[in-house]
Amino acid sequence: MSRRGGGRRSETRRDQDSSTPSPSFQRGGGGGGGRGRGGRGGSTPAPSPTPVRAPTSRAPSATAGPSAKPAPQAAYTAAAAASSSSSVGELSQETSKKLTLGETITTGGLVPVSSKAIVPPRRPDYGKIGKKCVIRANHFVVEVSDRDLFHYDVAITPEITSKKVNRDVISQLVRSYRESHLGNRMPAYDGRKSLYTAGALPFEAKEFVVKLAEKGDAASSSSSVKKERQFKVAIKYASKVDMYHLKEFLSGRQADAPHETIQILDIVLRASPSEKYITVGRSFFSPELGPKGDLGDGIEYWRGYYQSLRPTQMGLSFNIDVSARSFYEPILVTEFVAKYFNFRDLSRPLYDQERVKVKRALRGIKVQITYSDCTKSYKITDITNLPVNKTMFTLDDKKTKVSVYQYFLERYNIKLKYTSLPPLQAGTDAKPIYLPMELCQIAGGQRYTKKLNERQVTALLRATCQRPSARENNIKQMVRQNDYSRNALVRNEFGIQVKEELTLVDARVLPPPMLKYHDTGREARVDPRFGQWNMIDKKMVNGGRIDFWTCLNFSTRVHRELPPEFCWQLMDMCNNKGMEFNPEPIIPIRSADSRQIEKALHDVHKQCTAELANQKGKQLQLLIIILPDVTGSYGKIKRICETELGIVSQCCQPQQAKKLSKQYLENVALKINVKAGGRNTVLNDAFHRRIPLLTDVPTIVFGADVTHPQAGEDAGPSIAAVVASMDWPEVTKYRGLVSAQAHREEIIEDLYKNYQNPKGGLVHGGMIRELLLAFYRSTGQKPFRIIFYRDGVSEGQFSQVLLHEMQAIRQACGSLEDGYGPPVTFVVVQKRHHTRFFPADHSRRDQTDKSGNILPGTVVDTTICHPTEFDFYLNSHAGIQGTSRPTHYHVLFDENNFSSDGLQTLTNNLCYTYARCTRSVSIVPPAYYAHLAAFRARYYIEGETSDAGSSGGTAEFRPLPVIKENVKDVMFYC
């Protein structure tokens, strides 16, 4: 079932018409000009129909005219695309072959191990540009003895779902049988179905009986006999692990990473903390690892750490970072409900709506009973519709019916206090167990997986935000506390040693790019210092024009004279910075009731449309909105404006608007300019076409991201967003498209698609195709090179995402013109990693910025990077607070033959072109914009997905509403 959603016309009218073929470069597709070059731009030359100079051998030749075909490439043969209607499948197969080892010519003596494994390109060289420096990384050298490792399959009967109980069973087995049956081996266990040893066990297969005392039995019980659970554990030899493969890979002589070997060593290093601490993914948390803190609403945070074993250029590296996560407070359920929902009176009955919210908040939580000597735990499955004094059930005699209230009074002599609250339900619907809220305590150590509110996020960030020197010291302390190298299993049994010093890494600080502003400003060019600059004496390089605008105020806490004054000062700021902003609103500025947002927006749209009825093609260009005083309306406003009315809006917080701060007005003006089709600044070298592999031939830069529903939500779509530059050679304006897809699907499904029209002919579509056509309409030229920055992909998904999405890019290109296949560079952008950099000497001012972090522009492609593949870490931004997180860039496909310096410098320079501020940003802007667009689209479907969750089936969802064309024409997501 297709789940591709809207956010754009899934099949435009011209695509649906069977008599009209899909638009292509060959058939026109829109022609030149358009509003893509934006604003009032006297300072930027108009695009030439042909590139300025002949391209290098790395790029396709560009002959005159938009239909010029690329020259054959070593990496991509144009002949692979026979025609736009019949050869897309062949092109897909060709790309698939080239992305596998089986069809790849390996270099440097690499030996392919798997014929199906994807091979990212080898590192072409090491970067040389920039000022050399030495920094520290939270990576620790790991040395491994040359011992034979063995893998055994484990089957525990009866089967257990809890990893913790599994570990308890195996630990008891080792204690009972280590000397007698295991050859004195200490195995490492993964908590599921695999056991690993250093040296063979003295059997091929054996079954053991393990008796495990139930922890639920009360220690204070008068009975000396405790209940025991009996398990059968079958251990069977599976394989011997090849350590030679790991050595060859780390030395660069082996193409495939030995994931199994690295995983075994990682399991060994995780074995001890997995028994002592609460495990969340690759992280461990415990009150022993630092003081807990209150986040409010019955939620607290625990401190902990992350650890991961990684192959790097220096060998095996142990990445360790401090961390914090939210957990439920171990308090009575009644206390939690009062805190979580701010209920002051629990003696009254719950309204139906309240009861549903309480049920949703409590379902799945483990509780412990407080009314018995035995400490029993139950998982909440539901809460009843009736209070405890009206919820009836039948006793074991199968005759007597009693209420929950009556049962606890007669059986335990407990008179329940909150008789109007419904009881919790555990067990099954067939055999329910009813538990009064006031007698149940939330079990400790349960992670809170729902989304934190703004106040909780602020509290968590405030508690965990650490300056670099403090974070480095905490990491060191965590390593010393765990003392890996003295652990019996790690050091003695498996021969693994972890160094306790952070790794010193050779790095370079790339020079910042020169930025160009409008020549009429007192400063037409700026050299940013420490990753930031300002707009003083500068004018936007291309100021947009706003002729038709108005303002709508939803705040009741601002003075009635503020909205006109705020708009006047904002308009003045826009004009001073180079825009052309009409001083008169199209209709008078007004205030409206925040409880009638939809009506107010529709009224404004209707009146503006009536005002412009006599001006053909004219419409409201900008609606300035002062938001309501209570948060929660922003998403609704954006959805109505962008998908229903076709209004480009600029929302302002009332508390910021009433300050009339020049800095705030300047920041808002930057956003308004790009929403008016203008540009704030451009790279000076791009303006003069001096950037290799970007400005030599028409190049389009893509950014793509997928965002998923919040943690704990098991329904609702994932949102994919793709943006692409529309203004070669400057590369600062990006058009954005969004699409809904299957729940938690990481691959972008809507990059390319086609269907057979029943009336005849293959109809092509998809986001890549639409953006390529938009680029052609905007610049008058088709792209001769594609650079694709892909955010949100984990290492385990590299092969799958690359194979599918590269095919989609090829298919989209081939559908536009016979033989059209511009070379592609596909780069994954990763922010969700735990590598942190620290100055080698925190006291030296020339090594740090004002926040104590490493300098902006610091790049690392040595020591802790991949042994052979093309990756690097780039800290492109200046720190503000806490410890900066560098972005990791990993090249998965490169037909443009970038050098390390070329890609690192280009990526760093692009980070200075982000439209919303005068700072370099931490992630390359196209990926950043895709992230913003995806989150914007999340607002469009808010409230449309079921909150009830699913029980394992496939989640249904509505397609995204279509964004209006005039909104898509500008950077509406900024």
Side-chain angles (χ1 to χ4, degrees), residues 139-154 163 166-204 206 233 235-251 254 257-277 279 282 284 305-312 314-320 478-501 503:
H139 286 240
F140 299 82
V141 176
V142 173
E143 296 176 351
V144 183
S145 299
D146 191 8
R147 302 187 184 183
D148 292 333
L149 302 182
F150 291 82
H151 174 203
Y152 293 86
D153 291 329
V154 175
K163 272 190 174 184
N166 280 339
R167 292 185 194 281
D168 290 341
V169 171
I170 297 300
S171 294
Q172 182 62 41
L173 184 151
V174 173
R175 284 193 294 270
S176 302
Y177 298 104
R178 179 182 172 187
E179 293 184 3
S180 59
H181 293 76
L182 301 182
N184 217 26
R185 301 282 184 204
M186 281 183 66
Y189 177 52
D190 72 349
R192 291 295 185 204
K193 296 184 180 296
S194 293
L195 194 79
Y196 304 97
T197 59
L201 293 175
F203 55 80
E204 287 282 321
K206 188 175 282 290
V233 181
I235 298 177
K236 182 180 179 182
Y237 171 79
S239 63
K240 182 179 179 181
V241 180
D242 185 9
M243 291 293 288
Y244 177 75
H245 186 177
L246 175 62
K247 292 179 182 177
E248 291 294 288
F249 174 73
L250 293 173
S251 65
Q254 177 67 56
H259 295 297
E260 185 186 7
T261 309
I262 296 170
Q263 182 184 16
I264 293 170
L265 299 175
D266 192 49
I267 288 167
V268 173
L269 289 163
R270 295 171 61 81
S272 179
S274 293
E275 293 179 359
K276 293 190 293 183
Y277 308 133
T279 305
R282 291 184 172 274
F284 302 99
Y305 67 96
Y306 165 94
Q307 70 174 51
S308 175
L309 190 65
R310 307 179 58 80
T312 64
M314 67 178 181
L316 287 176
S317 168
F318 203 35
N319 180 207
I320 298 180
M478 204 68 74
V479 174
R480 286 194 295 267
Q481 184 174 337
N482 284 317
D483 202 9
Y484 297 96
S485 292
R486 285 187 173 84
N487 180 277
L489 179 71
V490 173
R491 181 65 185 270
N492 300 338
E493 189 74 17
F494 283 85
I496 301 172
Q497 186 171 0
V498 181
K499 302 291 185 182
E500 293 190 354
E501 301 82 27
T503 300

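Throughout, numbering of the chain's residues begins at 1 and tracks the sequence. Being a predicted model, the structure only gives us computed values, none of them experimental.
Listed here is the closest heavy atom pair of Thr279 and Ser274: OG1-CA, 4.0 Å.
No more than 12 heavy atoms of other residues, nucleotides or ligands lie within 6.0 Å of CZ in Arg486, so this atom counts as exposed by the packing criterion. Residue Glu179 qualifies as open at atom CD: its count of foreign heavy atoms under 6.0 Å is 12 or below.
If you take CD1 on Ile320 and CG on Asn482, they are separated by 6.5 Å, rounding to the nearest 0.5 Å. In this structure, Ile264 CD1 and Tyr196 OH are separated by 5.0 Å, a value rounded to the nearest 0.5 Å. Taking CG of Leu149 as the start and CZ of Phe494 as the end, the distance is 6.5 Å to the nearest 0.5 Å. Distance CZ/Arg270 to CD/Gln307: 6.0 Å, rounded to 0.5 Å. Note that OG of Ser317 and NZ of Lys499 are 13.5 Å apart. Values are rounded to the nearest 0.5 Å. Between Tyr306 atom OH and Met478 atom CE the span is 14.5 Å, to the nearest 0.5 Å.
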Practice item. Begin with the C-alpha distance, continue with both residues' side-chain angles, and end with the deciding distance and a verdict on salt bridge (Lys or Arg N to Asp or Glu O under 4.0 Å) for Asp148 and Lys240. Key: CA-CA 7 Å; Asp148 292 333; Lys240 182 179 179 181; 3.6 Å; yes

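For the pair Tyr484/Leu269, a side-chain contact is recorded, criterion being any heavy-atom separation below 4.5 Å from C-beta on. Taking the side chain as every heavy atom from C-beta outward, Arg178 and Leu173 never approach each other to under 4.5 Å. Taking 4.5 Å as the limit, some side-chain heavy atom of Glu260 sits within range of a side-chain heavy atom of Ser239.
A salt bridge does not link Asp190 with Lys163: every distance from a Lys NZ or Arg NE/NH1/NH2 to an Asp or Glu carboxylate oxygen is 4.0 Å or more.
Take Tyr305 and apply the ring-ring contact (aromatic ring centres under 6.0 Å, His included) test, not counting sequence neighbours, and it matches Phe284. Scored by the ring-ring contact (aromatic ring centres under 6.0 Å, His included) test, Phe140 finds no partners at all (sequence neighbours excluded). Taking the side-chain contact (heavy atoms from CB on, under 4.5 Å) definition, one finds that Lys206 meets it with His181, Phe203, Phe208, sequence neighbours left out.
A side chain to side chain donor-acceptor pair (under 3.5 Å) with Asp266 holds for exactly one of Arg310, His259, Arg282; it is Arg282.
When only modelled atom types and interatomic distance are considered, Ser194 and His151 share a side-chain donor-acceptor pair under 3.5 Å.
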